[in-house]
*Asks:* 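Please read through the structure below; I'll follow up with questions.
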2 protein chains.
Amino acid sequence: MASRSDTKTRILDAAEKLFAERGFSETSLRLITSKAEVNLASVNYHFGSKKELIRAVLARYLDVFMPLATDELKQLKAEKQHIPLEQVFSVLVNPLLELNKLRPDGTTLFLQLLGRGYIESQGHLRWFITTHYGEHLSFFVDAVSESVPEIPKADMFWRLHFTLGTIVFTMASADALMEIAAADFNEQNDIEAVIRKVIPYMAAGVNAPQLTA
Amino acid sequence: MASRSDTKTRILDAAEKLFAERGFSETSLRLITSKAEVNLASVNYHFGSKKELIRAVLARYLDVFMPLATDELKQLKAEKQHIPLEQVFSVLVNPLLELNKLRPDGTTLFLQLLGRGYIESQGHLRWFITTHYGEHLSFFVDAVSESVPEIPKADMFWRLHFTLGTIVFTMASADALMEIAAADFNEQNDIEAVIRKVIPYMAAGVNAPQLTA
DNA sequence: GTCTATACGCGGATAGAC
DNA sequence: GTCTATCCGCGTATAGAC
């Protein structure tokens, strides 16, 4: 365990790169272990299954991101009584960009992995995130509710899930969308630019006028 | 080809039901063919591959839905010069509900299949839909642009893709969301209710105020 | 033309030796 | 902890029966 980093980390590093490039189902454990130069069976020894490996890859980011986001939000709450909705969403930008210090291109990697993971793995990732980071999520959801208190709880439930869909899908296809925008509109975007485009959309959606039908 | 419906239709019917229930990757051809009581190899004979079977399942709905939606939109355009954005989205409701006449629970099945398909199959379904139904899509996109002409084309590109994410993710998880809403808020929703909830969200998002950063 | 039996290669997972 | 050998289910391809 000296000259080369330990097996577990080697697997995580190789898996994260391949998952982000090719997606989860298109990335076999045989490919991961050959790139990481470890034995195939070591994945099952260290992680138990491919699904748990996926969760572990995401957890390395979530463990950094979630506390950062909560701290930033707490600080803002201490400063002002009422936070405009769009600003609640904007709180997430700095913690996301901090992930670039964790690993090169960390922000993009994390958001792609999160988007693809949420989308490809019907259920198990949703469960993992809500059980392991539930307090952070509740804190954020509460802040959103407080910023637009006139929206009923049930409506807020739906609109926050619409928002989840927006962000997850956008991040999963961010690469393709940036390519199209470059080709068709001569726009050069990075992941931060995309985040800043989607925030006003989500804020307007959550705060949409009520139906009276 | 007399006493029981033909093999091709038996496969499509069984596949559509299983795909909607369990998703595409979780549904094996062996399961489909055993439920349909046909031979495994007949899928390859009639459809060529699993991907093409998925496309064929969706095509049965799209071939009905797309012309209906275009007709409805053309009729509305003939009636009034300027159509409010939310009304452009609402045009899709009746064509969607018409699918219930095609098959029992057709609307729900179609939207679940579309959502899951767009999400699970990175690319091939997107390509299939844009090449086979491109004119219908362009007609709809143009109507959206005309209803909010002040939004630049590039911004509209991003916002329509955000909208795609919203609708696709919502429909793919509609069952789970309706269950949660029933348990937590004592709300009884069907798929039409969900559609009518998401339309104001999307309309507000597309029409969100511009950033001036 | 339509259907069937069968086989190939690849996927994730695991038992057991070291 | 690590490695080999092996298992079973998957999508796919094909030879040949009807």
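Numbers restart at 1 for each chain; the letters A, B, ... are given by sequence-line order, proteins then strands.
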*Asks:* What do the steps show when you test V198(B) against F89(B) for side-chain contact (heavy atoms from CB on, under 4.5 Å), and what is the final call?
*Replies:* CA-CA 10 Å; V198(B) 78; F89(B) 288 124; over 6 Å; no
*Asks:* Quick one: do E187(B) and K197(B) make a salt bridge, cutoff under 4.0 Å?
*Replies:*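 Yes, this pair counts.
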*Asks:* One thing to verify: whether D105(B) and K17(B) come together as a salt bridge, which I'm taking to mean a side-chain N less than 4.0 angstrom from a carboxylate O.
*Replies:*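 Salt bridge between K17(B) and D105(B), a charged N being under 4.0 Å from a carboxylate O: no.
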*Asks:* As a test of reading the structure: which of dA5(C), dG1(D), dC3(D) is closest to the side chain of N39(A), going by heavy atoms?
*Replies:*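 Nucleotide nearest to N39(A)'s side chain: dC3(D).
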*Asks:* Are N39(B) and S42(B) close enough that a side-chain donor and a side-chain acceptor fall under 3.5 Å?
*Replies:*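 Side chains of N39(B) and S42(B): no pair found under 3.5 Å.
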*Asks:* Check whether any side-chain N or O of T7(B) sits under 4.0 Å from OP1 or OP2 of dC3(C), and answer yes or no.
*Replies:*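 Yes, within the criterion.
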*Asks:* Between H46(B) and dC3(C), is there a contact of a side-chain N or O with OP1 or OP2 at under 4.0 Å?
*Replies:*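 Checking dC3(C) against H46(B), a side-chain N or O does come within under 4.0 Å of OP1 or OP2.
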*Asks:* In whole angstroms, how far is the C1' atom of dG11(D) from the CD atom of E52(B)?
*Replies:*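 Whole-Å distance recorded here is 13 Å.
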*Asks:* Do the side chains of E98(B) and V64(B) get nearer than 4.5 Å, heavy atoms only?
*Replies:*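 Answer no - side chains too far apart.
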*Asks:* Report yes if at least one side-chain N or O of Y45(B) is closer than 4.0 Å to OP1 or OP2 of dT2(C); otherwise report no.
*Replies:*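 Answer yes for this pair, as a side-chain N or O of Y45(B) is under 4.0 Å from OP1 or OP2.
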*Asks:* Measure CD1/I11(A) against P/dA13(C) and give the value in whole Å, please.
*Replies:*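 Roughly 13 Å, once rounded to whole Å.
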*Asks:* Is the CD atom of E192(A) crowded by more than 12 outside heavy atoms at less than 6.0 Å?
*Replies:*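 Count over threshold, so yes.
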*Asks:* Rounded to whole Å, how long is the line connecting atom CD1 of I32(B) with atom P of dG9(D)?
*Replies:*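 It is 17 Å, rounded to the nearest whole Å.
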*Asks:* Give the rounded distance in Å between these two atoms: CZ of F47(A) and P of dT2(D).
*Replies:*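 So the two atoms are 11 Å apart, to the nearest Å.
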*Asks:* Rounding to an integer number of Å, can you tell me how far K8(A) NZ sits from dG1(D) P?
*Replies:*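 After rounding, the reported distance stands at 8 Å.
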*Asks:* Atom pairs under 3.5 Å, N or O on each side, protein against nucleotides 9-12 of chain C: can you list them with distances?
*Replies:*
residue : atom : partner : partner atom : Å
dG12(C) : OP1  : L29(A)  : N            : 3.3
dG12(C) : OP1  : K50(A)  : NZ           : 2.9
dG12(C) : OP2  : L29(A)  : N            : 2.8
dG12(C) : N7   : R30(A)  : NH1          : 2.6
dG12(C) : N7   : R30(A)  : NH2          : 3.4
dG12(C) : O6   : R30(A)  : NH2          : 2.9

